[in-house]
Amino acid sequence: MNYISTRDKARRVTAAEAVVAGISPEGGLYVPETIPTLDYKSLYEMDYSERAQTVLQLFFDFDITGVAEKAYADFDGDPAPLVKLSDKTSILELWHGKTCAFKDMALSVLPLILERAKAHLGKKEKTLILVATSGDTGKAALEGFKDANGVETLVFYPQDGVSSVQQRAMQAQEGNNCSVAAIAGNFDDAQTAVKAAFADMTLAKELKAAGYELSSANSINIGRLVPQIAYYFSAYCDAVNGGCIDEDAPLDFCVPTGNFGNILAGYYAKLMGLPIGRLICASNKNDVLTDFFRTATYDINREFYKTDSPSMDILISSNFERFLFESCGRNDVLTRERMQLLKTDKRYSVTEKELEAIHETFVGACCNDEEGRETIGKVFDDSGYLLDPHTAVAYNCAEAVNMIRHTVIVSTANPYKFVTSVLPSLGLKLTGDTEKDFVRLEDHTAMPIPDPLMHALKAPIRFTDVIDRTEIIDYIAKNYGKQNGK
Ligand SMILES: *Cc1c(COP(=O)(O)O)cnc(C)c1O
């Protein structure tokens with residue numbers, strides 16, 4: 001299986017090279033040269049990790065034996081259970097991993113894939129994974145790469161941009177190959193600082209002398225995207241097995257979307273032959289994508305809002321490029337032009353004809369925080385099921401576009417992670433103390449407090465550095481560079 005770049009199809013690399021490089025040198029994203037097909041019926045009798053392994057093996061042609069089993073071994077039960085709420089609606093819970101967020105589905109697999117890809121290529125350098133996080137990715141990367149061979153993880157989070165649960169969880173991270181620092185400022189400051197570090201040639205040289213190569217764990221790496229395809233297949237099998245739909249009948253999915261990685265995996269599943277009907281792209285008040293599906297124009301020239309669903313507070317959805325590439329008939333020149341326009345004009349448009357084809361599968365919808373909170377309260381009252389704010393956006397959007405057939409709401413976080421907006425949504429007061437808030441939520445809902453979150457609250461704090469974004473390169477050099485390198 002070879003991979004090609006969305007901005008230059010002549011750039012062709014092997015699967016192992018695509019995983020190790022992350023991004024193509026001219027800035028494009030790697031996509032499989034041909035999209036494999038898979039008959040979901042062959043997966044019925046398998047458990048989740050067998051289903052995932054089957055999907056992974058279609059995309060990675062180097063030795064990945066046993067990867068899925070190992071990746072999902074320490075999940076709490078079934079890694080992706082489908083919970084039926086009614087004849088019309090099921091919830092696909094993707095938060096049974098170690099950090100209680102859907103990022104675990106892929107970040108438990110990526111380190112193992114990366115390790116095998118490096119071995120396949122005979123690469124001896126250690127990998128330094130740099131992450132800028134708005135909360136969930138950082139913690140999931142720290143856990144995923146914890147004690148991995150030949151890999152160090154360094155996470156930067158914005159001092160003013162993560163929830164107290166998320167901050168505490170990262171500060172108390174365990175493991176001998178990781179480090180965490182806060183950047184004074186917001187997520188954009190952290191992201192800009194990390195991008196500058198990736199682009200700094202002097203730093204790259206200094207790190208190389210110490211035996212390190214920089215790499216990224218963000219969602220543009222194909223090694224993060226492919227594991228996500230598996231849960232669409234798995235959910236479809238479970239929907240048939242559970243009597244939600246007839247065999248071969250279409251099934252709709254509604255996905256709370258940020259960087260477009262999750263829903264893109266659903267689109268790939270459809271291209272691989274899975275009978276998906278509609279993919280409903282749910283956004284919060286940052287509704288760039290909703291507007292795109294309505295108007296054919298992607299326009300980031302707009303205000304940025306901080307919301308109850310921070311993992312969806314994104315204007316530039318980096319994986320959208322892969323979708324654009326597919327939906328214009330794999331035209332690399334056109335994709336490159338549009339990405340260039342996004343930089344220079346902050347917008348680009350697709351043709352009416354393209355949009356029409358897109359509408360055969362995609363529907364966009366959005367809702368604000370108030371509507372999300374109402375949804376949390378209403379669904380809990382009606383069915384006793386507790387949604388987190390991201391999943392609540394999806395639920396609200398699915399209702400807004402009418403569930404014309406059985407619809408799977410993709411659930412991306414355990415509600416406890418966002419206790420400060422979940423409690424008020426249920427009409428309960430915050431106590432001002434996270435642990436007490438947890439207990440209050442547990443008393444009210446009878447949903448158990450997840451062990452990893454409670455553990456993080458009680459574990460000793462290890463990482464307290466706060467640095468200015470201008471200091472990031474010195475900080476990395478000091479900790480990992482030649483003179484003081486480990
Ligand atoms: C990352 C994340 C999302 C957005 O997923 P994308 O793949 O970026 O679209 C939604 N909800 C939660 C809780 C997340 O952590």
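Just so you know, ligand 1 is whichever comes first in the structure, and atom 1 is the first atom listed for that ligand. Computed from a predicted structure; not experimentally measured. Side-chain atoms are counted along with the backbone in the values below, which use heavy atoms only and exclude waters and symmetry mates.
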Quiz item: Could you state the interatomic distance from CG (Leu457) to CZ (Phe438), rounded to the nearest 0.5 Å?
Solution: 5.0 Å
Quiz item: Is there at least one pair of N or O atoms, one from Met312 and one from ligand 1, spaced under 3.5 Å apart?
Solution: no
Practice problem: Name the orientation class of the two ring planes belonging to Phe60 and Tyr3 (parallel below 30°, tilted from 30 to 60°, perpendicular beyond 60°). | Solution: parallel
Quiz item: In terms of atom number and element, which parts of ligand 1 are under 4.0 angstrom from non-hydrogen atoms of Gly261?
Solution: 6 (P), 7 (O), 9 (O)
Quiz item: Are a donor atom and an acceptor atom from the side chains of Asn284 and Asp313 found within less than 3.5 Å of each other?
Solution: yes
Quiz item: Looking at atom 9 (O) of ligand 1, what's its closest protein heavy atom, distance included?
Solution: Gly258 N, 2.8 Å
Quiz item: Does Lys103 approach ligand 1 within less than 4.0 angstrom via side chain, backbone, both or neither, non-hydrogen atoms only?
Solution: side chain
Quiz item: Can you check whether Pro389 reaches Val393 side chain to side chain, under 4.5 Å on heavy atoms?
Solution: no
Quiz item: Between Asn262 and ligand 1, does any nitrogen or oxygen pair lie at a separation below 3.5 Å?
Solution: yes
Practice problem: Using a 4.0 Å heavy-atom cut-off, say whether Phe260 meets ligand 1 through its side chain, its backbone, both or neither. | Solution: backbone
Quiz item: What about Phe323 and Phe362, are their ring centers closer than 6.0 Å?
Solution: yes
Quiz prompt | Within residues 251-272 or reaching into it, pairs that qualify as side-chain hydrogen bond (donor to acceptor under 3.5 Å, both in side chains) - sequence neighbours excluded | solution = Tyr231-Asn262, Tyr232-Asn262, Asp252-Arg278, Asp252-Arg405, Asn259-Ser318, Lys270-Thr361
Quiz item: What about the rings of Phe102 and His390, do their centers lie closer together than 6.0 Å?
Solution: no
Quiz prompt | Check: Thr257 N/O within less than 3.5 Å of ligand 1 N/O | solution = no
Quiz item: Which atoms of ligand 1 have any heavy atom of Pro256 under 4.0 Å away?
Solution: 4 (C), 10 (C)
Self-check item: Taking every non-hydrogen atom, the tightest pair across Asp299 and Val288
Solution: O-CG1, 3.9 Å
Quiz prompt | 4.0 Å heavy-atom contact, Ala101 with ligand 1 | solution = no
Practice problem: For Phe102, take its heavy atoms, then give the atoms of ligand 1 lying under 4.0 Å from any of them. | Solution: 1 (C), 2 (C), 3 (C), 5 (O), 7 (O), 14 (C)
Quiz item: Is atom CG of Asp74 surrounded by more than 12 heavy atoms (other residues, nucleotides or ligands) closer than 6.0 Å?
Solution: yes
Quiz prompt | Option of least heavy-atom distance to atom 8 (O) of ligand 1 (set: Asn259, Thr133, Leu225, Asp388) | solution = Asn259
Practice problem: Please state which part of Asp136 comes within less than 4.0 Å of ligand 1, counting heavy atoms only: side chain, backbone, both or neither. | Solution: side chain
Quiz item: Is any N or O atom of Thr412, backbone or side chain, closer than 3.5 Å to an N or O atom of ligand 1?
Solution: yes
Quiz item: Would you say ligand 1 has an N or O under 3.5 Å from any N or O of Ala413?
Solution: no
